[in-house]
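Order of the sequence lines sets the chain letters (A, B, ...), proteins ahead of strands, with each chain counted from 1.
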Amino acid sequence: MPELPEVETVRRTLAPIVGAKLASVRTSGLLLRMGSEIPEPALRALVGERIEALRRIGKYLLLDVSGPTGILVHLGMTGWLRIFPAAEPQPAHTHLVLGLDRKRELRYSDARRFGQISTYQRADERSHPALKVLGPDPLDASVDGAKLLYDNARRRNVTLKALVLDQGVIAGMGNIYASEALWISKLRPSTRSSKLSAKAADSLWQAIRQVLDHAITHGGTTLRDFVDAAGSSGEHADYLHVYGREDEPCARCKAKIRRTVQQGRSTYFCATCQPG
DNA sequence: CGTGTCACCTGACAGC
DNA sequence: TGCTGTCAGGTGACAC
């Protein structure tokens, strides 16, 4: 479900819980990604503290709580976070409920349980194993993304799609926006990264920024079940150029969009205006 | 170092 | 209606 724009949309729509006091913690007891469990005792220890800020690094959400320990959330494929009145019935697959003030609850639900919830030390968040391996966030204005892409591309020889999806290079790109960014920058997803020119790296970076900004503006992409923290769907699916559009005409050249599989995942591109 | 494949888990949907 | 197969926005382990 969620790539960077969807996680950012969730972060923004969670704004109403900033300042709220954590009153209770309840979990389903089921295991999440790779058998990881929700750290209930560590979360219980946060009861009584206030949520000070919500941040995002790549696809990870960071809940800064008033003490030294924060809450780290990754939504996986089907995870969502929503603010509910406590009286609302609990939806299926709810694995974590944080009771807040004013009879509100922050609920985490995740049908496939590919998500992850853990805690981090605010003074040293980058020492968390999940955050340690992430490249910079593409919305961080201080990042020279063109150089970052170029350097990584030249020193390795992966496909451009794999490069863009590598969270250690840039944090936050996923399967939808990888195809979209490569289409915008007219680069073939199967092209080897070692052949990337500095100019192409620059245009790829611009495309990444553009597609992420655009998707955030539209509240993310809802293909089936993504909703923000208020329960609203995103509108960006209407603006996708290639993803999910096999056999439809390319918006630039009218050739049929093609679908291939790379690393076991669908890639969409235009063979005419994304030459190899 | 690179890629391919599978695994994790559930639900939606197409086709029979 | 119900079965089967396929696919899904993510990530990590493993074999080659």
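The separation of B:dT5 from C:dT6, taken at their P atoms, amounts to 15 Å, rounded to a whole angstrom. Taking atom C1' on both nucleotides, B:dC9 is separated from C:dG2 by 22 Å, rounded to a whole Å.
Nucleotide B:dC9 has no partner under the Watson-Crick or G-U criteria, as no pair reaches both atom distances under 3.5 Å. Within the shown strands, nothing qualifies as a pairing partner of C:dG9 under the Watson-Crick or G-U definition with both distances less than 3.5 Å.
At a threshold of 4.0 angstrom between heavy atoms, the contacts of A:Arg192 are confined to the sugar-phosphate backbone, with no base atom among them.
Phosphate contact (OP1/OP2 of C:dG9, side-chain N/O of A:Arg224, threshold under 4.0 Å): absent. The side chain of A:Lys59 contributes an N or O atom lying less than 4.0 Å from OP1 or OP2 of C:dT11. Here A:His74 reaches the OP1 or OP2 of C:dT11: one of its side-chain N or O atoms lies under 4.0 Å away. Contact between the side-chain N/O atoms of A:His236 and the OP1/OP2 oxygens of C:dG9 is not found at any separation under 4.0 Å. Regarding contacts with the backbone of B:dT10, a side-chain N or O of A:Arg113 is found under 4.0 angstrom from either OP1 or OP2.
Comparing A:Arg112 and A:Leu165 by the nucleotide of DNA chain C that holds the closest heavy atom to each, the one mapping nearer the 5' end is A:Arg112.
Atom CG of A:Leu223 and atom P of C:dA8 are 10 Å apart (whole Å).
Looking at A:Arg188, its side chain does come within 3.5 Å of a backbone N or O of A:Ala271 through a donor-acceptor pair.
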